[in-house]
Amino acid sequence: MNIVLFGPPGVGKGTQSALLVKKLGMVHISTGDLLRSSVKEGGALGLKAKSYMDRGELVPDEIVLEMLVGAINRGNGNFVLDGFPRTVAQARALDGLLESRKIKLNRALFMEIDDLTLKERLTGRRVCRECGAVYHVKFEPPKVEGKCDSCSGALYQRKDDSEEVIGVRLATYRKETAPLKDYYEKAGILKAVDCDGDSMVVFGRLEKFLKN
Ligand code: AMP
């Protein structure tokens, strides 16, 4: 089973992907994570990507696509794509990429939630600098403030989770990513998942859509 998760920033794509990996053994491909690793490495590609990410804008397709092709080639299917595609042009590029490898995309899960909840989720999000685990100061706090439960790494707030950048990311989402609903509806693989509530409750809803 190969799936795409899409929805506004902060809807819980990363959290649900981690559950899909843990419970169903899927392979997580997150273009956001790939980009952040490349920024951490400090190469030319990462440096170029960083300026877009810090502003909350989309990184140019040629950079993201190169990373995506690498990740798809390394894997053996059974993937959950998180954060890609983010535009209809990227969805078309993905279709071409998968077609040439005879890989089928089984579902595109649209994760939906209201704006107020989104903003609260994003501003309270904290990420482990070492292992990338995601917390929330209110909804999923670590046992010790500022420290990761699993590796004791320091938690930080992503630069693009600041209130100002969140506005840009949401606007980008509405303009560029929301049209994917139509795209995948026409392809006959769209399912909309209500993402309000506890992460396990949301996972239960999501799992149902993978079976039916
Ligand atoms: P995410 O972790 O998915 O929220 O992504 C963080 C940032 O990485 C986004 O705000 C974009 O700047 C960039 N990014 C991630 N995925 C893509 C993509 N498919 N296309 C363009 N930019 C992306």
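Atoms within a ligand are numbered from 1 in the order they appear, just like the ligands themselves.
- Sorted by first and then second residue, the pairs that involve residues 126-143 and meet side-chain hydrogen bond (donor to acceptor under 3.5 Å, both in side chains), not counting sequence neighbours, are E120-K138.
- Remark: R55 qualifies as a cation-pi partner of Y52 under the 6.0 Å distance and 45° angle criteria applied to the six-membered ring.
- With sequence neighbours left out, the side-chain contact (heavy atoms from CB on, under 4.5 Å) criterion links K208 to N212.
- For D149, the side chain to side chain donor-acceptor pair (under 3.5 Å) test picks out no residue, with sequence neighbours left out.
- Taking 4.0 Å as the cut-off between side-chain N and carboxylate O, R174 and D115 count as a salt-bridged pair.
- Ligand 1 lies under 4.0 Å from heavy atoms of T31, G32, L35, R36, M53, E57, L58, V59, V64, G83, F84, R86, Q90, R158, D160, R169.
- Using a distance-only test at 3.5 Å, with no hydrogens or angles considered, no donor-acceptor pair links the side chain of R92 to the main chain of V88.
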